[in-house]
Number of protein chains: 2
Amino acid sequence: MLEDKLTQTFAALADPTRRAMLARLSQGEANVSELAQPFIKTMSLPAITKHVKVLERAGLITKSRDAQWRPCKLRGAGLRDAADWVGQYRAFWEESFDRLDAYLKETAGKKSRKKKSDALLQ
Amino acid sequence: MLEDKLTQTFAALADPTRRAMLARLSQGEANVSELAQPFIKTMSLPAITKHVKVLERAGLITKSRDAQWRPCKLRGAGLRDAADWVGQYRAFWEESFDRLDAYLKETAGKKSRKKKSDALLQ
DNA sequence: CAGTTAATTAACCATTTGGTTTATTATGCC
DNA sequence: GGCATAATAAACCAAATGGTTAATTAACTG
């Protein structure tokens, strides 16, 4: 994945309105006004349109056409790219570890109580 | 985790310079000028300082003091929070699925070839 | 103490972001 | 055709972001 695409993806996720839209879409397709519904008291429709566009350009959703409606659907691959990037660092939140320890466990170890430390970075 | 903290975390990840800094820190502690090293031809030190501060405020790194140096280290919990959020959507990138199918597999199923679909959303 | 190194602060600037209001496009319906 | 609905576009604005340069703080070193 392009460096810049990942930037767009994380930027798109860095907004609670857009994350709520993804949450809504995880329950099924929705058109723009349906996505707008929870926010329409506090935000204009053009603002919603913009948020949807950010999600679309980031590859997190796809938008199609049905008469005057624009049904949107979640695009798993977009979220997977973000998950894959973050996943590189899994070893850093899986309890106690250090790289040597991890190396020993992965190669020769068998009795250590600590969890595995994945290879990190490209 | 606070809604707003997640926003800060994703915003911090939405920059290639900052992601590169995290990559560097995944190989071990580094102080600010060490983090700056790959960028110092193209960016001033105050710019680096600002990036480091964004990472720190997002909870992705911690910074301590050693004389005039400021050793930084990766904070796994910050990345885990991001990973956990994205992980809610795992079902959407793990091949063919739908919520009913997932439900059946998780509760009664035993022979389905499809991968598991986690419960989504709060 | 004087000088050097590490890092930050302050003030500033351009661009991007997230919102607004008003106007427009496109579709379906009577 | 005329009207209502769904969505977008355009123009604008304030605040945030990502950078700069110049000045400052803090610590070590000779």
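Every value quoted in this text rests on a predicted model; they were computed, and no experiment measured them. Basis for what follows: all heavy atoms, side chains included, without hydrogens, waters or symmetry-related copies. The sequence lines fix the lettering, A, B, ..., with proteins before strands; numbering per chain opens at 1.
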**Request:** Scan nucleotides 3-15 of chain D nucleotide by nucleotide, 5' to 3', and note B when protein non-hydrogen atoms come under 4.0 Å of the base, S if they reach only the sugar-phosphate, - if neither.
**Result:** --BSBBB-B----

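Of the residues listed (A:Arg24, A:Lys63, A:Lys73), the one engaging A:Glu29 in a salt bridge (charged side-chain N to carboxylate O under 4.0 Å, His left out) is A:Lys73, and it is the only one. Paired with B:Lys53 under the rule side-chain contact (heavy atoms from CB on, under 4.5 Å), one option of B:His51, B:Lys50, B:Arg57 passes, and it is B:Arg57.
The residue A:Ala47 sits close to a base: some heavy atom pair falls under 4.0 Å.
Listed pair B:Arg65 / D:dA26 fails the phosphate criterion, with no side-chain N or O lying under 4.0 Å from OP1 or OP2. Put simply, A:Ser44 has no side-chain N or O that comes within less than 4.0 Å of OP1 or OP2 on C:dG19.
Here C:dT16 presents its C1' atom at 13 Å from CD of A:Gln8, a figure rounded to the nearest Å. Look at CG on A:Asp15: it is 18 Å from P on C:dT16, rounded to the nearest Å. In this structure, B:Asp4 atom CG and D:dA16 atom P are separated by 12 Å, rounded to whole Å. For A:Met43 and C:dT21, the CE to C1' distance is 16 Å, given to the nearest whole Å. In this entry the distance linking CZ of B:Phe39 with P of D:dG18 reads 14 Å, nearest Å. Between the NZ atom of A:Lys41 and the P atom of C:dT20 there is a distance of 14 Å, rounded to whole Å. Taking atom CZ of residue B:Arg57 and atom P of nucleotide D:dA16, one finds them 12 Å apart after rounding to whole Å.
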Under 3.5 Å, sequence neighbours excluded: what are the donor-acceptor pairs made by side chains of residues 64-71 of chain A?
residue, atom, partner, partner atom, Å
A:Ser64, OG, A:Pro71, O, 3.3
A:Arg70, NH1, A:Ala67, O, 3.1

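Residue A:Val86 is grouped with residue A:Leu6 when hydrophobic side chains (ILVMFWY) are merged at heavy-atom distances under 4.5 angstrom, including chains of intermediate members. Linking ILVMFWY residues whenever their side-chain heavy atoms come closer than 4.5 Å, directly or via other members, places A:Ile61 and B:Trp85 in the same cluster. Residues B:Trp93 and B:Phe10 are members of one and the same hydrophobic cluster, defined by side-chain heavy-atom contacts under 4.5 angstrom among Ile, Leu, Val, Met, Phe, Trp and Tyr.
Listed candidates were C:dT20, D:dA27, C:dG18. Nearest to the side chain of B:Ala67 is D:dA27.
If you take CG on A:Leu25 and OG1 on A:Thr62, they are separated by 9.0 Å, rounding to the nearest 0.5 Å.
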